[in-house]
Each structure stands twice: as C-alpha cells, then as structure tokens.
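Data first, discussion second: the structure below is written as structure tokens.
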Amino acid sequence: MPEKSYSPQDIEVKWQSRWDASPELYRADTGADRPKYYVLEMLPYPSGKLHMGHVRNYSIGDALARYMWMRGYDVLHPMGWDSFGMPAENAALKFKKPPAEWTFSNIAAMRSQMKRMGFSYDWEREIATCTPEYYRWNQWFFLKMFERGLVYRKQSKVNWCPECATVLANEQVVDGCCWRHETTKVLLKELEQWFCKTTAYSDELLDDMKQIEAGWPERVLTMQKNWIGRSVGSEVDFGFGEQKIRVFTTRVDTIYGATCVILAPEHPLSASIVADQAQLKAMIDEQARKDPADVEKNGFFTGHYATNPFSGAQVPIWVGNFVLMGYGTGAIMAVPAHDERDFEFCTKYGIPIRAVVRPVDGTLPDPVTEPFGDYGIVENSGEFTGLPSAEARTKMNAFAEAKGFGNAAITYRLKDWGISRQRYWGTPIPMVHCPSCGLVPVPYEQLPVVLPLDVDITGAGESPLKRVPSFVNVACPKCGAAAQRETDTMDTFVDSSWYFYRYTDPQNTEAPFDPAKVAQWFPISQYIGGVEHAILHLIYSRFWTKMMRDIGLITNNEPVRNLFTQGMVIKDGTKMSKSVGNVVDPDEMIAKFGADTCRMYILFAAPPERDLDWRESSVEGLHRFIARVYRFVTRNVERTGGDVTEADRQALRKLHQTLAKITQDFDSRWHFNTSIAGLMELTNELYLLESTMSGTAMQQVLPMLVQMLAPFAPYTCEELWEELGRTGPVFRQSWPIADPELAKEDAIEVPVQVNGKLRGRVRVAIGTGKDELERLALADDKVTPWLEGKQVDKVIVVPDKLINIVVK
RNA sequence: GCCCGGGUGGCGAAAUCGGCAGACGCAACGGACUUAAAAUCCGUUAUCCUCACGGGUGUGUGGGUUCAAGUCCCACCCCGGGCACCA
C-alpha cells in the first residue's frame, strides 16, 4: 500500500466529530470494577481564549488520563469553568453586554477550543460555577458554616483595592498591592465583612501536611507552612498602672533583658497614652503608604513606663513603626541583646542593652556589639539564672501562669479568610438583615438566592446589587417584616474550594454531592496546575475539605493526594502574557500544524515541571516527526509474513526498550520530553531497518508504536489504529507490556579507560565476567600503547559498564 | 537577608544509582532524488591542534573527596521563583 501524506486538519476534524458523537468514550464510572483514578487539571477562568499555559496544563493531564485508561483504570477526567469574577463585570462595562452573556459565550468558545485540542474530558460532568445549580451549594455551605460559627461578620480593617472596588483576602495582597492589579496599592478600609474561620483549622492544616507530603512538591508545602506561620511562645503582661500590656514572645527566656516595651502604632493603648497625636497619626499614615521593600525602623517614647513582671524593672513604653498590630498582641518587649530588630531599634535611640543569655561554651562581649539570638545559658535573670534557654522557657511559662501574669501561647500568621466582595458577579451571600431580628440566615428551602441577571453595571460606587430593589427588599424569614438582603457576594475562591467534589455528582439537586460517590474517587489521585495557586486556592481547598468532613459530608482529610505543579510558558525571556505582547495563540498553532503537533511540542520542549521556552522553529520538528510516523505506518500496513531477519530482532529490541522507557516515564517523573525522544529514536531506527524487516515483525511493531504514541498524539493514533484495521479506540486498548528478553542487547561495547581517560572499547556479550573483561582490556590494541613502560597499579572493572586501568 | 529551583554545544535539552558528557529535536552544512526548487531520504555538526592517525581541553567560578565527578562535599558568582520587620 502506498504511503499516505499526513493531513492533520482532515484527521482531527474527522475524529473530533466521532468523539463528540460518542460521549461514552470518555465517561467515567463505567460500572466496571476497575480501579479508580481521578486526574484533575485546574479549571480555567473563562476569559474567552485558551492560552499556552492552559494548553500545557491540559496536555500533561490528558497524556496521563489516556495512559491511565490504557493501564486499565476507570479514569475520572472532568473539566469546568471558574466563571464568577471581576473580568465579566469589566467586560460588561466595556462592551455593554451582561456579565452572564459574556461569560457563557466565552465558555462556549473555550469549550470548543478544548475539544479541538482533543482533550479527553467527560463533558457530561462539566460545571460552571456561575450557575444557580452550582452556587446554591456555596450558599448551602455558607449556612452550614454559619450554624457552626465558621462564618461570622465582623467590623475590621480590610484590604481594599480601589481598582477592583472591593475588599481582598490577605492571600490576595501581594507586596502591598492587589494580586490582579500589581501596581495598585491596597488601602486599609474599615468595613463590616464576612469572614470564614480558617484559623479554626490552623493546626490541622499544618499538621496534616504529613499526610500529603509524599505527593506534594516540597516548595508548595513550605509556602503553606510559612503562610500559616505557627510560632510557639509565651504571652506576658507588663504592668502599666492598673492596666496591663500584653506582649507575645518566642523568647521568654530573655525577658530579664527587656529594656523597653514597643507598641504598634495602631495598638489601642497608643492612641490613649501618646501625647502628640499628630505624630502618631503621621506614623500610621506613613505605614499605610509604606513600600514594604525597606522601611527604616523608627519610633518615639510615649513618656510612660511599664513594669516587667519578672524583674520588676521599670521600662519605657515606645511606639514603633515595625511592630505589627496584626501579629501576636500588637505589642512587644524589646530585648536588644538577643534580637536583631530590637538591637537596631534600641541602638538607634540609645535604649540600654542588657545581656541575659550567654553561649553554652562562652561569654558575650561587654558591652554587646551585636545581638546574640541563639539559645544558650540564661544569666542575670534572678532565680532562672544558669538554666539552658529551653528549660528557662518552660519554667518561666509555669511561673507566669502561677502568678497570673502570663502563659505559654501559640500565635499564627494565618488570619481568617475575608470572603465578602462588594461586587455583582458572584455568589449572593444568603443572609437577610432584619431591623428587628438582626442577621437572619435564608432558610435552606429558599435556596438558591438567585443572582438577578438584569442589573445595570456602572462600575461606580458600591455593590451593584444594592441598587436592585427587587433583590434587596425581602420579607424577614423569621418575622416576616420588611428586611433587606445582604448584597455582598462571595470571593470566587469559595467556588474553586470544592468544585472537584461536585464533578463526582454534578447533577445532584438534593445535595452538593452524594458522599458515596465522593468516597469512590477521593482523594484526587493527581491534581495538576500552576504553582501560583500554592497558597490561595490550595489552602482554601484544604480548609474546605476539613470543614466538609466535620459536617459529616465526607470522610477524607485531604482533597489531593498528589499535586503536580507545571512550569510557566516563557517567550523572549518572560512569561507569556497579554500585557507583554508575547502570546502565541493556540488556534494559530492548530491551524498551521494541528492539535497533535501542538500538544507534542509542548510536552517535548521541556520536562513538565520546568519553565518552557517557546520556540516556533522547534514546533516544525514535531510536525515532521508525526508525519514520519504516519507515512511509515500507512505504507507498511499491508506487509505480512516473511522469515525472521536480523533486522526484525533489532527492531523488536528497540521497540521493547522504548516501551520500557516510556512506561517508566509515565510511572515516575513524567519526563515526556524523553519519552517522545525515545519514540523518535525508535522511528529513526525503523526507517533504517524498514526494507530488511519481515512483514511479520512489522505487524508486531506497528500497533505498539501507535499505542505508545497515542497519549501524546491521540488524533493521529486513532486514525492509524483504524488504518491498521483495528477496532475500538486506541486509548481503550491495554497498554503493552515490555518483554525484557526481547529488549535485551546481546553484545555491548564496554569503554576502557586508562587513568580515567577513554582509550578504547571492547565488544563483549552482555554479562561478561570481570576477569574476562580485564583480560580483554589489557590486550586491546588501542589500550596497550598507553600501558607501555608503565606499571599497572590496579584495574577497576564494572561489568557491562566500564573498565578503568590505573597505571603509574 | 532566608528558603527553594536552575546555570551543560549556535539554540531547546539528555545523562533517574558517581562509570563513554551532549541522547532527541531545532538551526547549519554536505550528499541523494529533481530540469529546478520545495518536500522527502541519507549523512556531518562541542571546541582547539593535526593533511591525516591521533591528541589536548570542556558541564557558572575556585578548591576538595574518588580509580572515576555534570552528578558527592566546602566556598563563591549569576539567573528565576517564594518568603521577608511574624517578635
């Protein structure tokens, strides 16, 4: 049969329409008792167009999903849309189109792009978070949490992005700026807000990392650990007349060296005791504008003194700009001899320095010239003198507790998650403000509180929902009196905190999901996405899981067993982004080369965890490779029979070596770049052997070649599978098993070194013994000249690997 | 400042356990096919010296361990990311 020329457009359109017509192909939970495998890629925001970051994310996941199908698993591989959020409102302003309309047309566009890429999603499980069928469960969870005190309302200083015109969670503030507007400074605004009590799970979020550390990148865990920021220490009250100033410290063993107390400028006591209020206000204002890069420490004396409860010493009370109100108690004791920051501050203002801890094996200079921050032996500390730091901490905590002026304490950097947003395009918070009953939850049977669709987006002022009387005005569910709905909507990270559970049971109208279905699939076998979600999405998701477990919905502790974070797509030295103008449109790639080429290029150019440098010229290489395979298979399809030849043995050897390699890549590191390189090597070798191979061998080689390539280039491989006269989709065939006997080399070249330098090679049967190898090496023509006049000191022989002759 | 990655040909990269550095691809060059070009197929391609045989050098820098180091150890430089007054 003559070869066919590779025409990706024809092939891909043909198979896409077949796949579309057969949703059962990708349907999970086939009822078969196959082991379950849940492969999940992070759902996109429907901006309207896939970018290369998505293509990379989904190509990795799809290769894995298809491979796992072939390995006999029942694979759940769903996709959905993180479809609430600001851009829809901005677009509404710009194009005068309702956010819903804009969003759904974007979803349609991106869905068809994904289909065009050939991703094997179970589209029957598709979800969009902006539909009432989905967000009603956000509301349901909100009510459940409200009942348990896990959501609450509180007046507080919150992060406000003027650009978004809404508040942000702490996690969404990056370097003092908005995570979506990197140059917009976040302001602090006093507002009444809804909070989710993430801190109720601080310890669990930290401690349960043990349960997932085997499957998560260390760097993500470290980031979460830092974010939670648990510090174990003590709280101690310094006396101040009738009042007390409570400080938090991790080094209570240094308390005899405390030479002043420093308050955060926002500390309530600051405002009440500072004489010069203008000075205080100036400091607070300066803090609000501060560029966190580096701010010089400064402060001023309040004119008041506090009493150290341990030593009885009177120490001055200062206000300092480096003391954070949001951490610990908002007040510190400064121990300049043993803390770098305190040292800097106290040196600047001439506050005394008193050393109270010495190194275990030495002394400190007097006066202290630099702070000594390590543990050591406590000195000059009354009855605690002579104790090692750790022991002193314990004893001092007990002492403080007994005397009633302090105790051991733990503080966290993690704060409760502010989930209120003064925006329209989000999940309405299901609460009613009644003038007589106060805050009243919407009864479950009235859910969902539907987001009205006929809303005028002006972009000005407060939440657009406030101006929709039909939404706002409501009868109080408790007393029936005229009341008003809450008009804040939920942070979109609420939507993505549990969406992967909904995939297991996406049509459920009675509950967010059937616990039995979740139990089948969870925890997620493999989650794949960008590292930028290391703390936001991934910490919220872990919190949500623990919350759902505690309300009895699920039994798993953690949502994700294995997490893979892929690298960024780089072009011209920076991340592909619209603002830099270096984006490559997947549609153009598809039009030019086809989806298979695009997918293979992105997997070939770099290992998945590393950043990928996009180079158009290399794309052609992958297109050439697929075409080469295509021609080879089509022109050899009908060759059969014939006697076994040496070429056959070589071809089968390479085939099974390649299969072993690819199987191993899938089962360990996912270095698909080397898997694809292996397929190229195999193909190159087959080209050389083609004319001398028998038809019999060809019939063994071709199907396996197609199967091995299928996870990477599904369209081409389905087409070739059909060309081969096989029935059924190629990715439902079982993955072939490499035969080590066939893969075995019968002869190898073992390099011979003299003093570590390569001087020759000996050709031997595999497994040749040490003595024989040594004999051959010492007799080799290429080697003997290097031994002349020298004395052979020793010979190192590593069978099948290398021989090194050491001479003097 | 601290914590993670990374630094290998003209380029993207490979070398999973300390054992032939540069697989595979791109680009370039040569050959075959062609009236010609494209496509395709077959080759060459780290670098320096040599007509060649062959040899020297070479994985950011400097040291070290080892028969043997891209790989391990120590010190440092550069690039990317994260954290950064967290008491």
Side-chain angles (χ1 to χ4, degrees), chain A residues 3 5 174-175 217-220 222-223 225-227 229-231 233-234 247-251 254 262 290 292-297 320-324 326-335 338-342 344-345 411-413 531-532 534-535 567-568 570 573-575 601 604-607 609-622 624-625 627-628 631 661 664-665 668-669 671 673-684 687-688 749-761 782 785 793-798 800-807:
Chain A
E3 68 180 32
S5 73
V174 180
D175 289 339
E218 183 198 309
R219 139 173 105 127
V220 173
T222 308
M223 283 163 78
K225 208 169 279 175
N226 292 340
W227 188 260
R230 175 160 68 188
S231 7
S234 324
V247 302
F248 174 77
T249 177
T250 54
R251 290 298 303 275
T254 64
I262 311 176
K290 76 171 175 182
D294 60 346
V295 180
E296 205 196 331
K297 288 182 186 47
N321 66 346
F322 70 102
V323 179
L324 306 173
Y327 186 79
T329 59
I332 63 161
M333 62 176 200
V335 185
H338 304 292
D339 181 282
E340 212 167 302
R341 296 150 304 174
D342 297 348
E344 190 188 329
F345 187 83
T411 52
Y412 300 86
R413 213 183 82 114
V531 75
E532 64 272 17
I535 38 186
M568 292 185 295
I570 305 280
T574 46
K575 184 180 174 169
Y601 168 71
F604 180 72
E609 74 279 7
R610 285 245 287 268
D611 287 351
L612 182 153
D613 195 3
W614 187 275
R615 303 188 86 79
E616 178 97 23
S617 61
S618 309
V619 178
E620 289 173 34
L622 275 297
R624 261 200 290 261
F625 167 65
R628 220 164 125 81
R631 288 195 308 270
K661 195 220 166 343
Q664 204 197 346
D665 281 338
S668 58
R669 300 191 303 168
H671 278 200
N673 53 332
T674 62
S675 310
I676 293 169
L679 286 165
M680 289 170 168
E681 279 187 62
L682 171 61
T683 306
N684 291 345
Y687 263 68
L688 298 178
E749 284 196 330
V750 178
V752 182
Q753 296 179 338
V754 177
N755 283 349
K757 288 192 193 289
L758 182 68
R759 298 303 181 193
R761 295 165 199 284
K782 292 265 173 52
D793 212 26
K794 60 172 157 175
V795 181
I796 285 117
V797 182
V798 186
D800 298 343
K801 279 283 182 193
L802 161 143
I803 299 148
N804 191 8
I805 304 166
V806 186
V807 297

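Letters A, B, ... are given to chains in the order of the sequence lines, protein chains preceding strands, and every chain is numbered from 1. Because the structure is predicted, anything quoted here is derived from the model rather than measured.
An anti base is found at G54(B): its glycosidic angle is more than 90° from 0. Glycosidic conformation of C53(B) is syn; the angle stays within 90° of 0. In textbook terms, a nucleotide whose glycosidic angle is within 90° of 0 is syn, and C17(B) is one such case.
Taking atom P on both nucleotides, G54(B) is separated from C73(B) by 38 Å, rounded to a whole Å. For the P atoms, the distance linking G55(B) with C4(B) amounts to 44 Å, nearest Å. Across the C1' atoms, G43(B) and U50(B) are found 24 Å apart, a figure rounded to whole Å. Rounded to whole Å, the C1' atom of C77(B) lies 7 Å from the corresponding atom of U61(B). Distance noted for atom C1' between G7(B) and A14(B): 16 Å (whole Å). When the C1' atom is used for both G64(B) and G56(B), the distance is 24 Å, rounded to whole Å. Taking atom C1' on both nucleotides, A15(B) is separated from A21(B) by 7 Å, rounded to a whole Å. One C1' atom belongs to C29(B), the other to G10(B), and the distance between them is 13 Å to the nearest Å.
Rounded to whole Å, atom C1' of C11(B) lies 11 Å from atom OH of Y601(A). As rounded to whole Å, 12 Å separates atom C1' of U16(B) from atom CD of E609(A). Going from atom CG of D611(A) over to atom C1' of G12(B) covers 13 Å, rounded to whole Å. Following rounding to the nearest Å, L612(A) (CG) and G81(B) (P) show an atom-to-atom distance of 17 Å. Taking atom CG of D613(A) as the reference point, atom C1' of U8(B) lies 16 Å away to the nearest angstrom. Remark: P of C4(B) and NZ of K225(A) are 12 Å apart, rounded to the nearest angstrom. Rounded to a whole Å, the CG atom of L758(A) is 9 Å from the P atom of G55(B). What separates CD of E532(A) from P of C83(B) is a distance of 12 Å, to the nearest Å.
When heavy atoms are screened at a 4.0 angstrom cut-off, R610(A) is found touching the sugar-phosphate backbone but no base atom. Heavy atoms of R230(A) sit nowhere under 4.0 angstrom from any nucleic acid atom. The residue P607(A) sits close only to the backbone: its heavy atoms come under 4.0 Å of sugar-phosphate atoms, none of a base.
Residues I570(A) and L612(A) are not in side-chain contact: their nearest non-hydrogen atoms beyond the backbone lie 4.5 Å or more apart. Looking at N321(A) and K297(A), their side chains come closer than 4.5 Å, going by heavy atoms from C-beta outward.
Set against A87(B), G12(B), U16(B), the side chain of Q664(A) has U16(B) as its closest nucleotide. Ranking A87(B), C67(B), C4(B) by closeness to the K794(A) side chain, first place goes to C67(B). Side-chain atoms of T222(A) lie closest to C3(B) of the nucleotides C3(B), C4(B), U16(B). Closest approach to the Y327(A) side chain among A15(B), A87(B), C4(B) is made by A87(B) (side chain taken as heavy atoms from C-beta onward). When the nucleotides G81(B), A87(B), G54(B) are ranked by their closest atom to the side chain of I332(A), A87(B) comes out on top. Checking C11(B), A14(B), C67(B) against every side-chain atom of N804(A), the shortest atom distance belongs to C67(B). Candidate nucleotides C83(B), C85(B), C42(B) were compared by shortest atom distance to the side chain of R413(A), and C83(B) ranks first. Listed nucleotides A13(B), C41(B), G43(B) differ in distance to Y687(A); the shortest reach to its side chain belongs to C41(B). Picking from C85(B), U16(B), G12(B) the nucleotide with the shortest atom distance to the side chain of L324(A) gives C85(B). Taking only side-chain atoms of Q753(A), from C-beta outward, the nucleotide of A87(B), U16(B), C20(B) with the closest atom is C20(B).
Of the side-chain N and O atoms in K757(A), one or more sit less than 4.0 angstrom from OP1 or OP2 of U57(B). For R669(A) and A15(B), the shortest distance from a side-chain N or O to OP1 or OP2 is below 4.0 Å. Between C41(B) and R631(A), a contact under 4.0 Å exists linking OP1 or OP2 to a side-chain N or O.
Nearest-nucleotide positions on RNA chain B place K801(A) closer to the 5' end than the other of K297(A) and K801(A). For D665(A) and G229(A), each mapped to the nucleotide of RNA chain B holding its nearest heavy atom, the one lying further toward the 5' end belongs to D665(A).
Put simply, the side chain of R219(A) and the base of C3(B) share no donor and acceptor less than 3.5 Å apart.
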Please tabulate the protein-to-nucleotide N/O contacts below 3.5 Å involving nucleotides 22-26 of chain B, giving atom names and distances.
{"residue": "A23(B)", "atom": "O2'", "partner": "E681(A)", "partner atom": "OE2", "Å": "3.0"}
{"residue": "G25(B)", "atom": "OP1", "partner": "N684(A)", "partner atom": "ND2", "Å": "3.1"}
{"residue": "C26(B)", "atom": "OP1", "partner": "R624(A)", "partner atom": "NE", "Å": "3.0"}
{"residue": "C26(B)", "atom": "OP1", "partner": "R624(A)", "partner atom": "NH2", "Å": "2.8"}
{"residue": "C26(B)", "atom": "O2'", "partner": "S617(A)", "partner atom": "OG", "Å": "3.0"}

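Under the 4.0 Å criterion applied to side-chain N and carboxylate O atoms, D665(A) and K661(A) are assigned as salt-bridge partners.
For the residue pair H671(A)/E609(A), the side-chain donor-acceptor check at 3.5 Å is satisfied. Judged purely by distance below 3.5 Å, without hydrogens or angles, the side chains of R628(A) and N684(A) pair a donor atom with an acceptor atom.
Of the possible donor and acceptor atoms, none in the side chain of D793(A) sits under 3.5 Å from a partner among the backbone N and O of V807(A).
Within a 6.0 Å radius of CD in E340(A), other residues, nucleotides and ligands contribute 12 heavy atoms or fewer.
Nucleotide A28(B) is matched to U44(B) when pairs are restricted to Watson-Crick or G-U wobble geometry with both distances under 3.5 angstrom. Applying the Watson-Crick and G-U wobble criteria (two distances, each under 3.5 Å), U59(B) pairs with nothing in any strand. For G1(B), the paired base is C83(B) (Watson-Crick or G-U wobble, both distances below 3.5 Å).
The aromatic rings of F248(A) and Y327(A) sit perpendicular, their planes meeting at an angle over 60°, well past the 30° parallel limit.
Pairing each heavy atom of R759(A) with each of K782(A), the nearest pair is O-CB, 3.4 Å. Listed here is the closest heavy atom pair of N755(A) and N804(A): N-OD1, 3.5 Å. Closest approach of I332(A) and D342(A) over heavy atoms only: CD1-OD1, 3.7 Å.
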